[in-house]
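A single structure is presented below for examination.
Not measured: the values here are computed from a predicted model.
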Amino acid sequence: MADNEKTYVADVDRSMYDFRDESKDSYRIESGLTTEIVEKISEEKHDPEWMRQFRLKSLEIYNATPMVNWGPDTSGLNMADIVTYVRPNTSMRGKWSEVPDEIKTTFERLGIPQAERESLAGVGAQYDSELVYHNVRDDVAKQGVVYTDMESALTGEYADMVKSHFMKLVPPTDHKFAALHGAVWSGGSFVYVPPHTKVKIPLQSYFRLNAPGAGQFEHTLIIVDEGADLHFIEGCSAPKYNVANLHAGCVELFVAKNARLRYSTIENWSKNMYNLNTKRAIVDEGGTIEWVSGSFGSHVSYLYPMSILNGARAKCEFTGITFAGEGQNLDTGMKVVHNAPNTSSHVNTRSISKGGGISTFRSSVSVTAKAKGSKSSVSCQSLMVDDISRSDTIPAMDIRTSDVDIGHEATIGRISDDAVFYLMSRGLSEEDARAMIVSGFADNVGKELPLEYAVEMNNLIRLEMKGSIG
């Protein structure tokens, strides 16, 4: 055995994410959620009047909307204790050398600048409630691609585009935490890709929540115009604290005629995090949305990216992997609406639970009467590494036309003793045999994740577990 080979991994190794920086906020709003707090956030963000009114209306909706009561327990989340806005002690920088040392060190340790140098067309880095760094390669900017922070887009030359798209796919009335987002959102990315423009290498945003007891509410708005092509990568992490943190971001994706968007997310929040994120895409005629999702962290997750196939021959592909360890209840999945003829969706997911972790996969496939000739295939496979973990699959289908081809396949199981015995008969130790089975189970999905800039995530996907893993 090589000296550097792991001999035991009790759970996902989060050591590279769990470091904390001393809080040196330049501004931290009081905890809780009141009209005065929302007004103060709007003032701090220099909102136009329509956004100030939007925030206040969203707060009204939030207060009138009941909490969800059908998924993982969220009783440990008390909004009176959550700080909704923390401004780090810096302004936005366009040069990495100008970012304050303590924030720069955080992102250096996470490998973000290195990833930018090696394989990314542009990077935005958000620290708590503000984007602290943003840069786009010259050759990409010369293509007319716009990649900036949401606040700049809200008040700059693309203000009208932002106003006509902001929370139109995910309205504040969608659910309680969508309303919360509408009231207190801050930070996030705005991307516009002009018609027939192919962005050959990815754009990336990274969200780091450092402050204890805080929430992060970034808004991502991406518009890929007719015939254009983009790959966008989103990464998230936070250190572990003994108080609840909240992530209630929002992602809205607009994919025009014959355009393609690949949206990859790696979420590795700590186990005190409530991850209540909402993501939605609408796809026009001949367009394609590709979701690649890795969910590895948080105490509780509710996460179901949704695709609305609104034009003929629109396509959705969803690839996901979830790992639930001790103290985690991850309720994840996807939703797709076929709302035009000859649309198609293909879903392939893997979930792994161990150490008492709970993994639930929910899928919702809706086919309207307009969607004749459409096809949908959903495959979700779950593996429990031990006998104290849990995995559930909850599919829902609403089919309003008979001229469709719909398939759903779900398998849930534990590691087979026969398979372990077979591999041991070929010379492997029991530990190596179990590690090989888990690694093979995750491989088809794991290889889709863009993890070249996060070594520990590669280690997780390959599940290089030697020794006892159960």
Side-chain angles (χ1 to χ4, degrees), residues 71 260-267 279-281 283 288-296 301-309 313-324 330-339 342-354 357-367 371 373-385 389-399 401-416 419 436-451 457 460-463:
R260 173 184 171 270
L261 172 59
R262 183 178 179 94
Y263 193 91
S264 300
T265 306
I266 311 301
E267 299 203 357
K279 303 181 180 185
R280 196 160 297 166
V283 188
T288 300
I289 177 69
E290 299 176 2
W291 300 93
V292 181
S293 177
S295 299
F296 308 120
S301 275
Y302 285 74
L303 183 61
Y304 322 97
M306 181 178 184
S307 304
I308 303 169
L309 305 180
R313 302 183 311 283
K315 296 179 181 179
C316 163
E317 294 184 13
F318 184 92
T319 304
I321 185 165
T322 302
F323 185 105
L330 306 187
D331 201 296
T332 64
M334 55 73 63
K335 298 186 281 187
V336 61
V337 177
H338 293 259
N339 196 39
N342 302 309
T343 52
S344 64
S345 60
H346 180 72
V347 179
N348 184 21
T349 69
R350 300 285 190 276
S351 63
I352 301 161
S353 53
K354 63 164 296 190
I358 301 172
S359 177
T360 303
F361 175 82
R362 298 179 195 266
S363 64
S364 171
V365 178
S366 298
V367 182
S374 294
K375 298 179 180 180
S376 178
S377 171
V378 180
S379 173
C380 49
Q381 299 184 37
S382 303
L383 183 67
M384 292 174 286
V385 176
S389 301
R390 177 172 172 173
S391 185
D392 293 292
T393 299
I394 306 174
M397 292 188 174
D398 182 1
I399 315 299
T401 176
S402 59
D403 184 15
V404 290
D405 184 356
I406 307 293
H408 181 273
E409 174 190 12
T411 58
I412 298 176
R414 292 179 56 193
I415 291 180
S416 163
M436 180 177 289
I437 291 168
V438 178
S439 181
F441 173 79
D443 184 62
N444 286 342
V445 171
K447 67 185 180 183
E448 295 291 328
L449 297 169
L451 301 180
M457 289 294 92
L460 171 61
I461 297 304
R462 295 190 178 93
L463 295 174

Is the shortest heavy-atom distance from the side chain of T322 to the side chain of T349 under 4.5 Å?
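No. Closest side-chain heavy atoms not under 4.5 Å.
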
Rounded distance [0.5 Å steps], CZ in R350 versus CD1 in I321
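Result: 8.5 Å between the selected atoms.
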
Are S363 and F361 packed together at the side-chain level, in the sense that at least one heavy-atom pair is separated by less than 4.5 angstrom?
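Side chain of S363 against side chain of F361, heavy atoms only: contact under 4.5 Å found.
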
Close side-chain approach of I358 and L330, heavy atoms under 4.5 Å:
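Not touching, per the 4.5 Å side-chain cut-off.
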
Checking E290 now: which residues fulfil salt bridge (Lys or Arg N to Asp or Glu O under 4.0 Å) with it, not counting sequence neighbours?
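With sequence neighbours excluded, E290 shows a salt bridge (Lys or Arg N to Asp or Glu O under 4.0 Å) to R260, R262, given in chain and number order.
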
Output the distance between atom CD1 (I308) and atom SG (C316), rounded to the nearest 0.5 Å.
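The CD1 atom of I308 sits 11.0 Å away from the SG atom of C316.
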
Nearest heavy atoms of S295 and T332, plus distance in Å
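Result for this residue pair: OG-CG2, 4.3 Å.
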
I'd like to check F318 versus S307 (side-chain heavy atoms, cut-off strictly below 4.5 Å). Are they in contact?
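No; the side chains remain at least 4.5 Å from each other.
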
I need the I289 CD1 to L261 CG distance, nearest 0.5 Å.
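Taking CD1 in I289 and CG in L261, the distance rounds to 4.0 Å.
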
Can you name the residues that form a salt bridge (Lys or Arg N to Asp or Glu O under 4.0 Å) with D398, not counting sequence neighbours?
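Applying salt bridge (Lys or Arg N to Asp or Glu O under 4.0 Å) to D398 gives R400.
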
Nearest 0.5 Å, what's the CD1-OG1 distance between I406 and T401?
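One gets 9.5 Å once the value is rounded to the nearest 0.5 Å.
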
Which value, rounded to the nearest 0.5 Å, describes the distance between K315 atom NZ and K375 atom NZ?
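Atom-to-atom, K315:NZ and K375:NZ are 10.5 Å apart.
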
Any side-chain donor near an acceptor of the partner, K279 and S293, under 3.5 Å:
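No, no side-chain donor-acceptor contact under 3.5 Å.
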
Side chain to side chain contact (heavy atoms under 4.5 Å, CB included) involving R362 - partner list, sequence neighbours excluded:
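Residues passing side chain to side chain contact (heavy atoms under 4.5 Å, CB included) with R362: W70, Y304, D331, T360, I394.
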
Strictly by side-chain hydrogen bond (donor to acceptor under 3.5 Å, both in side chains), give each pair with a member in residues 376-385 just once, sequence neighbours left out.
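For residues 376-385: S345-S376, S351-S382, S382-S391.
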
Nearest-0.5 Å distance that lies between atom CE in M384 and atom CZ in R390
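Result: 10.0 Å between the selected atoms.
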
We want to know whether T319 and W291 form a side-chain donor-acceptor pair, criterion being a heavy-atom distance below 3.5 angstrom.
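Result is no, nothing qualifies.
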
Could you list the residues that satisfy side chain to side chain contact (heavy atoms under 4.5 Å, CB included) with N339, not counting sequence neighbours?
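Scan of N339 (side chain to side chain contact (heavy atoms under 4.5 Å, CB included), adjacent residues dropped) gives N310, V337, T368, K370.
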
Show your reasoning for whether side chain to side chain contact (heavy atoms under 4.5 Å, CB included) applies to E317 and V292.
CA-CA 8 Å; E317 294 184 13; V292 181; over 6 Å; no

Is the shortest heavy-atom distance from the side chain of S366 to the side chain of S364 under 4.5 Å?
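Yes, close enough: below the 4.5 Å cut-off.
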
Name all residues meeting the side chain to side chain contact (heavy atoms under 4.5 Å, CB included) criterion together with A410; count only those two or more places apart in sequence or in a different chain, and write none if there are none.
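Once residues adjacent in sequence are excluded, the partners of A410 under the side chain to side chain contact (heavy atoms under 4.5 Å, CB included) criterion are C380, T393, H408.
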
Distance-only side-chain donor-acceptor flag, S374 / T343, under 3.5 Å:
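There is such a pair (donor and acceptor under 3.5 Å, judged by atom type) between the side chains of S374 and T343.
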
